[in-house]
Amino acid sequence: KFQIPQRLYGRETEVRTLLATFDKAAKGEVEYLLVSGYSGVGKSVLVHEIHKPIVGQKGYFIDGKFDQFQRDVPYSAFVQAFESLVRQLLSEPDEHLAAWKNRLLAALGANGQIIIDLIPAVEIIIGPQPPVQELGPTEAQNRFFITFKNFIQVFAQQEHPLVIFLDDLQWSDIPTLKLIKYLLDASDLGYLLLIGAYRHNEVEAGHPLRSSLEEIEKNRPLHQLFLEPLAEAHVSRLVAETVHSDVETVAPLSALIFAKTQGNPFFVNALLKSLYQEGGFNFLGDEGRWVWNLEKINLMGVTDNVVEFMIRQVRKLPPETQRALQLAACIGNHFDLQTLALIDELTLTATGEALLPAINEGIIVP
């Protein structure tokens, strides 16, 4: 079976930095760590690598992703992150849910409806709440920040520190950036690690995120991790372990893959899958090993432009899958099957079957 190893290569130092920063948060600090780099360099994969160690220390790890075409929706990534946490709480036994209800009601006081307006599922835990008093824009924002901080405090505790990962921060809205600064400045908040990932090449001078980071840096040092593409040695190891061979044997193949991808991890994985699907690799059952035809691979005319390559990959999908992807993209980077089926005027089963080829290719992650 042709299978690319699902582990990180060449990121040992970065993983240690992430875990060390979490340890500081677990001791009562509020930490803010930024991971930057080009698209496809593995920012999200790196951050998710610490998910298991954090859960192993009884921490909560939640994540949300900003959408390029929904920048007018305030706090969208925070909402995604806490929606997943609330769903997790709703699966707990009744006695645990009752305890969460008491903690939330005590923390939110008369402002529970503010959180329900943002994350409707919270109402299932705390029940209907009275409407809040109308205030002017500045006062309303201050009240929201205080209420949201109190909401976070319920989960960010010594017995279970909280990690919030906000992906694609370059597309964040200005209210979110203001909220992040408020949380970092709050003296009564602890046991919290905020991780933000962004494409540094899309954050020029004057960009709201750049301005926000400069403002934050006036009061606290910023922890930044810049991810470089993989070195050729790391690509060689990945290729060698994929085909269960040694680095010397795969050297000509890995050199070709590195030349095409320049060490971009997403492109390396996608290219290897494509070469296999197009017959570039064969398994010799009698000898129990993989072989490849460099001459044939070269004749495939593989582009070294990742965007052009991905367009080709999408165009290979069945027409019904391409249509489903087009409609899903209109919804956003997160969507549910029921909404997509409604838009596509298909049954849930038919919609799921249309998406399956894209899921198998890793274009969609369920």
Side-chain angles (χ1 to χ4, degrees), residues 1-6 9 37-45 65 67-69 167-168 170-171 199 201-202 227 229-230 232 234-236 238-243 250 252-283 290-335 340 343-344 346 350-366:
K1 187 176 180 181
F2 189 85
Q3 194 166 343
I4 300 166
Q6 297 300 302
Y9 291 84
Y38 289 101
S39 175
V41 80
K43 302 181 293 295
S44 306
V45 175
K65 187 179 179 75
D67 191 303
Q68 183 177 6
F69 302 108
D167 203 359
D168 281 330
Q170 74 276 358
W171 296 328
R199 301 174 186 177
N201 55 306
E202 296 184 21
L227 287 195
L230 298 179
E232 188 167 0
H234 298 133
V235 174
S236 296
L238 188 156
V239 174
E241 292 179 18
T242 298
V243 296
V250 303
L253 173 64
S254 61
L256 172 65
I257 290 171
F258 182 77
K260 292 288 184 182
T261 64
Q262 292 302 301
N264 182 293
F266 174 83
F267 199 3
V268 169
N269 279 266
L271 181 55
L272 280 170
K273 286 180 186 175
S274 176
L275 293 177
Y276 168 68
Q277 289 163 355
E278 295 182 23
F281 293 92
N282 288 294
F283 186 70
W290 287 97
V291 293
W292 50 93
N293 188 326
L294 269 185
E295 186 178 343
K296 183 176 180 179
I297 289 173
N298 274 312
L299 290 174
M300 288 177 184
V302 178
T303 177
D304 55 6
N305 182 302
V306 68
V307 176
E308 185 181 326
F309 174 81
M310 287 310 299
I311 290 170
R312 286 185 187 178
Q313 295 304 102
V314 170
R315 284 177 177 163
K316 291 177 186 176
L317 297 171
E320 60 272 19
T321 303
Q322 293 187 43
R323 173 177 166 79
L325 286 175
Q326 288 172 342
L327 294 173
C330 294
I331 299 171
N333 57 35
H334 282 68
F335 64 91
L340 182 59
I343 294 170
D344 208 4
L346 294 172
T351 306
E353 288 174 349
L355 288 175
L356 194 56
I359 294 171
N360 291 337
E361 290 299 312
I363 295 171
I364 293 176
V365 181

- Under the 3.5 angstrom rule, does the side chain of Gln68 hit a backbone N or O of Trp171 as a donor-acceptor pair? no
- Measure from the side-chain N and O atoms of Thr261 to the backbone N and O of Ile257, and report whether any donor-acceptor pair falls under 3.5 Å. yes
- Note on the structure: So CD1 of Ile363 and CD of Gln313: to nearest 0.5 Å the spacing works out to 7.5 Å
- In terms of the angle between their ring planes, are Phe2 and Tyr276 parallel, tilted or perpendicular, with boundaries placed at 30° and 60°? parallel
- Are the side chain of Lys296 and the backbone N or O of Gly279 linked by a donor-acceptor pair below 3.5 Å? yes
- Message: Between Ser274 and Arg312, is the side chain to side chain contact (heavy atoms under 4.5 Å, CB included) condition met? List the steps.
- Response: CA-CA 10 Å; Ser274 176; Arg312 286 185 187 178; over 6 Å; no
- Mind listing the closest non-hydrogen atom pair of Gly40 and Pro265 along with its distance? O-CD, 3.3 Å
- Message: Just verifying a value: how many Å separate Leu272 CG and Gln277 CD, rounded to the nearest 0.5 Å?
- Response: 11.0 Å
- Message: I'd like to check the salt bridge (Lys or Arg N to Asp or Glu O under 4.0 Å) partners of Glu202; sequence neighbours left out, ordered by chain and number.
- Response: Arg199
- Item | Ser236 versus Val250, closest heavy-atom pair with distance | O-CG2, 3.9 Å
- Message: Take a 6.0 Å sphere around CZ of Phe266 and say whether it holds more than 12 heavy atoms from other residues, nucleotides or ligands.
- Response: no
- Task: Return the minimal non-hydrogen interatomic distance between Phe335 and Ala328, and the atom names on each side.
- Result: CE2-CB, 3.6 Å
- Rounding to 0.5 Å, atoms CD (Glu320) and CG (Leu325) come to a distance of 11.0 Å
- Query: Would you say Glu232's side chain and Ala255's backbone share a donor-acceptor pair under 3.5 angstrom?
  - Reply: no
- Keeping the roles fixed (side chain from Thr321, backbone from Leu355), state whether a donor-acceptor pair exists under 3.5 Å. no
- Task: Mark yes or no for whether Gln6, through its side chain, and Ile4, through its backbone, hold a donor-acceptor pair below 3.5 Å.
- Result: yes
- Quick one: CD on Gln3 to NZ on Lys273, what's the gap to the nearest 0.5 Å? 10.0 Å
- Closest heavy-atom pair, Asn264 versus Pro229, reported as atoms and distance to 0.1 Å, is N-CB, 4.3 Å
- Hey, which of Asn293, Thr242, Leu253, Val291 is the one that makes side-chain contact (heavy atoms from CB on, under 4.5 Å) with Phe281? Leu253
- Message: On a heavy-atom basis, which atom in Val235 and which in Phe258 lie closest, and how many Å separate them?
- Response: CG2-CD1, 3.8 Å
- Expected output: side-chain Asp67 to main-chain Asp168 donor-acceptor under 3.5 Å: no
- At their closest point, which heavy atom of Pro252 faces which heavy atom of Leu294, and how far apart are they? CB-CD1, 3.5 Å
- Query: Please, which pairs that meet salt bridge (charged side-chain N to carboxylate O under 4.0 Å, His left out) have at least one residue in residues 321-331, sequence neighbours excluded?
  - Reply: Arg323-Asp344
